[in-house]
Amino acid sequence: MKKYIFTIILAICLAWSCSKNDEEFLDRPPSSILTQEQIFTDPSAVLSVLGDLYNRYEDFGRLDDWASVADFNIAYWSEAGRYPAFQNDGWGFGSWGTWNYGYIREINLFLERCEEATQLEASLKTRFLAEARFLRASYYFEMVKRMGGVPLILESETYDFSGDASYLQHPRETEAAIYDFVISEAEAIKDILPTDPDSKSRATKGAALAMETRAALYAGSIARYGATTPQVSLPGNEVGIPASMAEGYYTKALTAAQSIINGNAGAYALYNSKPNLSENFEALFYDKANNPEAIFVEDYKVGGGKTHYFTGWNQPRFGAEEEEGGRINPSLQFVQSFELLNGTYAPLANEAGGTPVYYDNIGDIFQGRDARLAGTVILPGTTFKSKPVDIWAGIVLADGSIVSGDSRGQEKTLPGGTEQVQVVGFDGPIDGLEFTAQTGFYIRKYQDPNTGSGRRGTQSDVWFIRYRFGEVLLNAAEAAFELGQPDVAAGYLNQVRQRAGITTPLTGADVNFDKIAHERYVELAFEGLHFFDLKRWRLAHIVLDGNPISETEVTQNIGIATKRETQPYSIWPYKYYNPGDPNNGKYLYKTLRLSRITGADRFQFGNYYSEIGQDLINNNPKLVRNPNQ
Amino acid sequence: MKAKFYILIFSTLLLVTSCALDNFDEPNAIFSGNIVYNGEAIPVARNQVRFQLWQPGYALTAPIDVAIAQEGSFSSRLFTGDYKLSFVPGQGPFKTPSDTLFFSLTGDKAMDIEVTPYHMIRNAQFSHASGTINASCSVEQIISGADAKAVERVTLIINRTQFVDANSGGEGSMAQEDAADISNMSNISMSVNIPSDPKKPDQSYIFARIGVKVAGIEDMIYSQVQKIEF
């Protein structure tokens with residue numbers, strides 16, 4: 001009997017399991033995947049998707065990759081593993097390439113799905129759509145800057161598995177067509193996007209107009225200056241813009257910039273919150289609380305999961321919060337290019353007629369210059385986070401010989417002395433010793449003054465400013481100058497220069513190409529824009545011509561746009577030791593080229609537009625190769 | 001013991017047979033020659049000027065880059081087959097043949113490629129006197145008329161190694177003269193100091209050559225490298 005009971009129970013169990021509820025029981029909604037329907041009915045879910053697209057915005061200069069903002073010999077890289085960048089003679093044709101059509105496809109998919117959504121509030125939906133279009137135009141702008149004309153894909157495409165993918169292969173558009181697309185998108189979305197100067201990390205009307213003015217300016221200058229390098233063009237104009245289009249682009253650039261300047265996009269203005277002009281320029285980049293200058297930024301948040309280590313990489317090595325720092329060392333050429341306050345150029349006065357000039361204080365040689373210098377660069381004799389830096393290279397004796405050390409803050413006994421004294425600063429400079437200020441300088445721009453910003457465990461949340469009002473003014477000045485309105489250009493330049501403390505205003509007659517180029521060089525340094533200036537003016541192959549720079553040449557031609565920039569130079573402070581001499585204890589300066597700098601960068605015609613890889617051409621034979629590669 | 005013996009035998013067999021199955025034949029033909037003008041090789045900067053070989057008839061075609069050595073020669077190891085030779089537009093201090101060259105390769109082949117340089121350096125002479133290298137040369141314009149290109153500058157380059165060109169880095173030194181400062185292109189003389197560097201060993205010779213930069217062309221044309229003993 002007993003064994004029958006088990007059989008019966010088993011039979012009942014089996015019969016039960018066959019009931020029709022099974023299908024429902026197994027058909028569970030997945031808990032790790034959201035369906036399209038779930039997302040596009042919930043505004044916060046849509047914003048999350050959009051947030052991911054924002055996060056993938058492509059920048060040339062990035063705070064989470066310190067070297068990207070300090071390339072092209074504007075600075076020396078004080079990190080042993082990076083010295084080879086100063087020992088080679090140029091860049092591969094593939095450098096700086098970007099070809100992320102996966103990103104484009106996901107933006108296109110977002111646009112299509114958001115367009116179909118029925119349950120989103122209309123005003124939210126149009127804003128989301130406009131933001132996605134802004135991101136797509138931004139990425140096409142980034143691609144056209146680096147690759148030239150690219151295929152313009154504005155809807156998602158699907159492979160039909162027929163074995164023939166040729167209908168998915170699109171040829172490159174002309175360079176002008178991509179710039180036109182960026183400009184027309186900006187025009188189309190600027191009035192849909194909110195007019196809100198306090199919204200910095202999402203697209204606004206200001207951001208759209210700032211993108212438009214930059215794009216139109218770049219296109220205009222490629223059209224105008226591209227004529228000087230006919231080699232850098234393709235017969236189908238995939239690279240190169242006809243010179244006749246320059247005027248039109250410059251006009252658009254000026255109109256868009258003026259629209260921001262006149263306040264049509266909200267109350268943007270130059271940042272002017274601190275009485276000390278250098279501190280003011282420094283604070284422009286880290287002050288997130290009340291900053292009318294920033295238009296569109298990549299924001300970070302300590303404790304919010306998004307931080308960067310820019311300050312840790314670049315903080316002064318002496319008193320650093322980690323055992324590292326000091327990587328970006330601005331070059332002598334960059335430092336001396338800051339004007340005197342009366343608006344004239346002058347080399348740093350370290351020698352007069354072959355004899356050294358002695359200064360009472362270590363920082364005196366840099367006095368009386370453009371306030372942006374001390375706001376961009378940590379000079380010897382200044383402080384960071386209230387701690388003084390200790391940058392001096394050694395002691396010069398009466399006979400001119402130098403006593404120095406090969407470790408930070410080393411002590412030695414001077415001739416005639418009895419006890420050991422410090423013979424080199426704790427920040428160096430020591431030739432070849434990484435993390436010391438090997439050019440004599442550290443970078444200040446984008447360094448975070450908050451405690452903990454230089455610690456790996458905390459890091460920094462200073463934002464990266466992609467578009468700011470200062471650049472818009474300079475864009476307007478350049479466009480006005482190119483359109484033959486030098487007085488208008490002088491007006492815009494003077495606004496920027498006044499904030500830098502330069503006392504002599506420019507008149508229309510003073511404005512020339514070199515002035516425009518110089519102002520952009522000093523104002524926008526370390527912001528990832530200098531490279532594209534060199535490219536669009538077709539100056540890169542002249543400035544980076546592969547010839548080493550001689551000691552005498554360094555201090556000449558300051559403020560000339562074609563000045564050679566193939567190697568960074570250094571200027572080192574020394575203490576003078578000669579008891580009894582009136583100059584005893586004073587400082588003198590020597591210029592030098594570091595021993596690790598053995599190469600001289602050469603920018604080839606083939607570098608102007610990055611190489612389209614062979615794998616891409618194999619997949620799509622319609623792609624034309626870039627010139628000179 | 002016996003099992004090990006069999007394993008050894010089989011693995012050896014496997015190794016030997018799979019070699020033949022898996023591997024392609026290696027490229028076996030060497031294509032070499034010079035870039036010449038009237039039979040004279042044209043010296044250029046090492047690895048800076050190149051032409052491309054294409055092998056038509058395959059679905060995916062990628063160019064084979066052939067770099068030109070500094071004395072104007074080239075060589076490339078290739079598979080047997082038909083090839084198409086073309087220059088990258090803008091490459092080299094010369095005008096390249098306008099029509100594409102076709103050739104087939106079966107075994108080694110030497111072929112000179114005739115091009116027309118914009119200028120040629122003639123009678124390059126070098127001498128040494130107390131730490132200075134003096135040089136003289138003349139520059140002959142080859143292409144005249146509508147396609148002519150002017151000389152932009154003339155450069156005297158010296159180097160401690162035998163690789164001498166305008167980008168040869170820290171081992172050398174050079175002197176430059178802009179075309180505007182040259183009164184007579186058929187009688188140019190220049191001089192450059194030999195840099196002294198205590199970190200490098202003394203040597204009793206140096207290599208030198210003259211380069212001419214043509215306006216609008218990236219690559220310079222050079223004279224042959226000469227070793228100067230002193």
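A note on names: the letters A, B, ... follow the listed sequences, proteins ahead of strands, and every chain is numbered from 1.
- B:V88 approaches A:Q629 most closely through the heavy-atom pair CG1-O, 3.4 Å.
- Residues of residues 609-625 of chain A lying within less than 4.5 angstrom of chain B, judged on heavy atoms, are A:Q614, A:N618, A:R625 in numerical order.
- The environment of A:D160 atom CG is dense: over 12 non-hydrogen atoms of other residues, nucleotides or ligands sit within 6.0 angstrom.
- Residues of residues 212-228 of chain B placed with any heavy atom under 4.5 Å of a heavy atom in chain A are listed by number as B:G216, B:I217, B:E218.
- The interface of residues 73-84 of chain A with chain B, defined by heavy-atom distances below 4.5 Å, is empty.
- Contact annotation for residues 41-52 of chain B against chain A (heavy-atom separation below 4.5 Å, listed by residue number): B:Q48, B:R50, B:Q52.
- Within a 6.0 Å radius of OH in A:Y159, more than 12 heavy atoms belonging to other residues, nucleotides or ligands are found.
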